[in-house]
Amino acid sequence: VAIATWPRRRTAGEHAATLLMASPLVAVVAALVVYPLGHLLKESLAGEHGLTLASYVALLATPRYRRAFVTSLWLSLLVSAASTALCLGPAWLLARHRLRFERVVRAVLSLPMSFAGMVVGFLLVVLLGRSGFLPQVLERLTGAPWLSGTSYQLAGVLLAYLYFEIPRATLTLEASLRRLDPRLERAASSLGASRAQAFLWVVFPAIRPALLATFAVTFAVSIGSFGVLLVLSPRHLTVLPLEIFTRFVAPPTDRAAAAAMSFVLLALALLAGVLVRRLSRAAEPSGA
Amino acid sequence: VRSASRLLLLAATGLLMAFVLAPLVVAVLGSFLDVRRIGLSTDLWAGGGALVDFSAFAYLAAHYLDWLEFSLVLATASVLISLVAAVPGAWVLARGSFPGSTILEDLVLLPLSLPGIAMSMALLSAWGELRGPWLVLGGHVVYTIPFMVRVVLSSLRSEDFERLEQAAASLGAGFFQRLRWVVLPGLRHAITVGALLVFAVSFGEFNVSFLLNRGHPQTFPAVLYDTYTNQSIQVSSAATTIFLAVVIPVSLVVQGLGGAKALDGGQAA
């Protein structure tokens with residue numbers, strides 16, 4: 001019996017049906033993704049006489065915007081490094097150890113995934129604000145409200161960012177640690193390597209792409225985060241998303257600058273996204 | 001040595017879990033308990049003196065039901081649109097080899113890696129006159145459709161699924177018969193997970209809802225932000241508790257259905 005070749009040729013009716021099935025998705029993408037992004041690009045490049053880079057040059061020339069850009073960058077780099085490092089332990093535990101409450105651990109660490117940024121900001125206020133839980137407990141114990149108002153300082157902002165990065169970092173790391181062959185370590189230790197040596201020379205090189213991918217994933221989320229700082233609004237700390245918002249709503253509004261900053265932000269997030277894909281492809285063959 | 005390192009890992013994990021849970025527990029308990037019982041003073045929390053006090057929830061019930069309803073309607077509409085656009089679209093992406101299908105796939109999934117504020121600026125730049133509930137729905141569609149497409153695609157691309165369709169074809173099932181009797185039933189699980197994800201993402205979405213809206217009605221998260229800036233911590237905690245009561249069960253169900261990884265990649269923060 002000859003088996004029909006797959007996929008076999010489609011009839012005209014089937015082609016029409018396929019086209020019909022794709023059309024709602026194509027329409028959505030065209031109207032709500034492609035056209036808006038094109039329009040925004042045009043707006044950022046619009047000058048009195050045709051296209052110009054004036055609003056991008058203005059970004060570079062204005063100290064306020066430059067500061068927002070630099071702050072966004074170091075804040076996100078710091079948060080991604082910290083969350084990748086801190087979540088390596090839990091991810092290792094979930095991927096490589098037998099754990100009685102594995103599902104509970106994963107569920108708890110995944111919780112912040114579905115919280116909006118401004119909810120995370122509020123949670124930090126509940127924990128470390130001026131009448132937050134920790135300062136008040138410390139006041140009971142020691143007589144002084146230690147840590148009061150931390151949520152409105154840099155430390156609080158970092159903790160809030162860490163809060164929403166925990167699930168992203170843990171799940172990304174766990175997925176790639178699972179692909180790592182445990183025989184590698186055993187081989188290393190049977191050849192006389194100590195656990196530290198095995199980690200440093202065998203495990204670490206194998207998971208380096210995964211670490212970098214996690215770093216990029218968390219970076220992309222942090223650089224675009226808007227809600228956390230909207231709620232915490234610490235002094236002297238302005239980041240790109242907040243500056244875009246301000247330029248858009250607060251007088252004097254500057255739509256061209258907001259558009260140009262949005263594009264800088266898009267570019268940074270996309271760059272991180274490309275990096276993630278590259279690295280996760282590199283991490284695919286389990287490093288063995 | 002082995003147990004020592006395990007203990008260290010357990011301690012680090014426990015610390016992170018405590019960090020995640022502590023503010024949630026305080027916010028939920030603080031919304032209806034006399035906060036002095038959990039070690040807090042009442043100055044900014046307000047509240048009566050009764051041990052259990054649901055006045056904050058009574059306030060919400062009197063003032064917030066419209067916003068809650070609007071968010072639930074938006075989330076339902078997002079689910080319906082994703083069923084119409086994302087499910088058939090994903091099948092075409094998985095099976096159709098037409099020119100530009102990979103580009104289409106990249107463009108559909110693109111918003112997952114785009115910051116909400118930048119995407120909102122783009123939508124406002126193009127559709128600024130529509131600013132209001134309809135544009136909010138548009139923004140929700142942009143951010144929810146990728147989740148449905150991704151879940152359905154990964155199911156369609158599994159080898160088993162493809163073999164099933166091949167078998168049906170070689171047994172003589174026509175194109176439309178396969179769609180009706182093989183593809184649709186086979187996708188039931190993926191579509192359920194996708195719909196729950198879409199619902200949760202839409203309900204919890206703040207950035208797009210906040211920036212693309214004007215006047216009334218507001219989404220629940222947008223009103224939540226308003227509450228944080230204008231109300232006592234107790235009322236804010238109660239509103240947050242309601243938010244959590246919708247979002248957490250849905251994401252736990254999604255995880256239970258094996259979609260923990262599917263939650264990943266959102267630019268929700």
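Each chain gets a letter, A, B and so on, in the order its sequence line appears, and its residues count up from 1. These numbers come from the heavy atoms of this one structure, side chains and all, not from hydrogens, waters or symmetry mates. Just so you know, these numbers come straight off a predicted model, no measurement behind them.
Neither the backbone nor the side chain of B/F203 has a heavy atom closer than 4.5 Å to any heavy atom of chain A. At a 4.5 Å heavy-atom cutoff, the contact between A/V34 and chain B is made by side-chain atoms alone. Interface remark: A/A107 contributes backbone and side-chain atoms alike to the contact with chain B (heavy atom separation under 4.5 Å). Only the side chain of A/I166 comes within contact range of chain B, with at least one heavy atom under 4.5 Å from a heavy atom of that chain. Only the side chain of B/L252 comes within contact range of chain A, judged by heavy atoms closer than 4.5 Å. Residue contact with chain B, scored on non-hydrogen atoms closer than 4.5 Å, is absent for A/V120. For B/T240, the part sitting under 4.5 Å from any heavy atom of chain A is the side chain, from C-beta outward, and nothing else. In this structure, no portion of B/L15 lies under 4.5 Å from any heavy atom of chain A. Interface remark: A/Y163 contributes backbone and side-chain atoms alike to the contact with chain B (heavy atom separation under 4.5 Å). In this structure, chain B has a heavy atom under 4.5 Å from the side chain of A/V29, while its backbone stays farther away. Of the atoms belonging to A/L88, not a single heavy atom falls under 4.5 Å from chain B. Both the backbone and the side chain of A/L123 come within contact range of chain B, each with at least one heavy atom under 4.5 Å from a heavy atom of that chain.
Chosen from A/F263, A/Y161, A/F248, the residue pairing most often with chain B at heavy-atom distances under 4.5 Å is A/F248. Contacts with chain B were tallied for A/L159, A/V108, A/L19, A/V249; A/V108 has the most, counting heavy-atom pairs under 4.5 Å. Counting heavy-atom pairs under 4.5 Å between each of B/L9, B/V87, B/V20, B/L10 and chain A puts B/V20 at the top. Each of A/L265, A/L86, A/L230 has some count of heavy-atom pairs under 4.5 Å with chain B, and the biggest count is that of A/L230. Most heavy-atom pairs under 4.5 Å with chain B, from the set A/L94, A/V264, A/T170, A/V33: that is A/V33. Between chain B and the options A/H15, A/E165, A/M21, heavy-atom pairs under 4.5 Å are most frequent for A/M21. Between chain B and the options A/A31, A/A27, A/C87, the largest number of non-hydrogen pairs under 4.5 Å is found for A/A31.
Looking at B/T227 and B/Q231, their side chains never bring a donor and an acceptor atom within 3.5 Å of each other.
Surrounding CD1 of B/I103 are at most 12 heavy atoms belonging to other residues, nucleotides or ligands under 6.0 Å away. Sparse packing is recorded around CZ of A/R103, with 12 or fewer heavy atoms of other residues, nucleotides or ligands lying under 6.0 Å away.
Screening residues 30-45 of chain A for salt bridge (charged side-chain N to carboxylate O under 4.0 Å, His left out) gives A/E43-A/R255 as the qualifying pairs, with residues at least two apart or on separate chains. Screening residues 16-35 of chain A for side-chain hydrogen bond (donor to acceptor under 3.5 Å, both in side chains), with sequence neighbours left out, gives no hits.
For A/F164 and A/F115, the distance between ring centers is not under 6.0 angstrom.
In this structure, A/H97 and A/W92 have side chains that are in contact, with non-hydrogen atoms separated by less than 4.5 Å.
Minimum heavy-atom separation, B/A22 to A/L127: CB-CD1, 3.9 Å.
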Worked check of side chain to side chain contact (heavy atoms under 4.5 Å, CB included) between A/V276 and A/F219: CA-CA 10 Å; A/V276 173; A/F219 177 84; over 6 Å; no
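Note on ring orientation: taking the six-membered ring where Trp is involved, the planes of A/F122 and B/Y228 are parallel (angle under 30°, cut-offs 30° and 60°). The aromatic rings of B/F243 and B/F220 sit parallel to each other, their planes meeting at less than 30°, with 60° as the upper class boundary. By the 30° and 60° cut-offs, the orientation of the rings of B/F175 relative to B/W91 is perpendicular.
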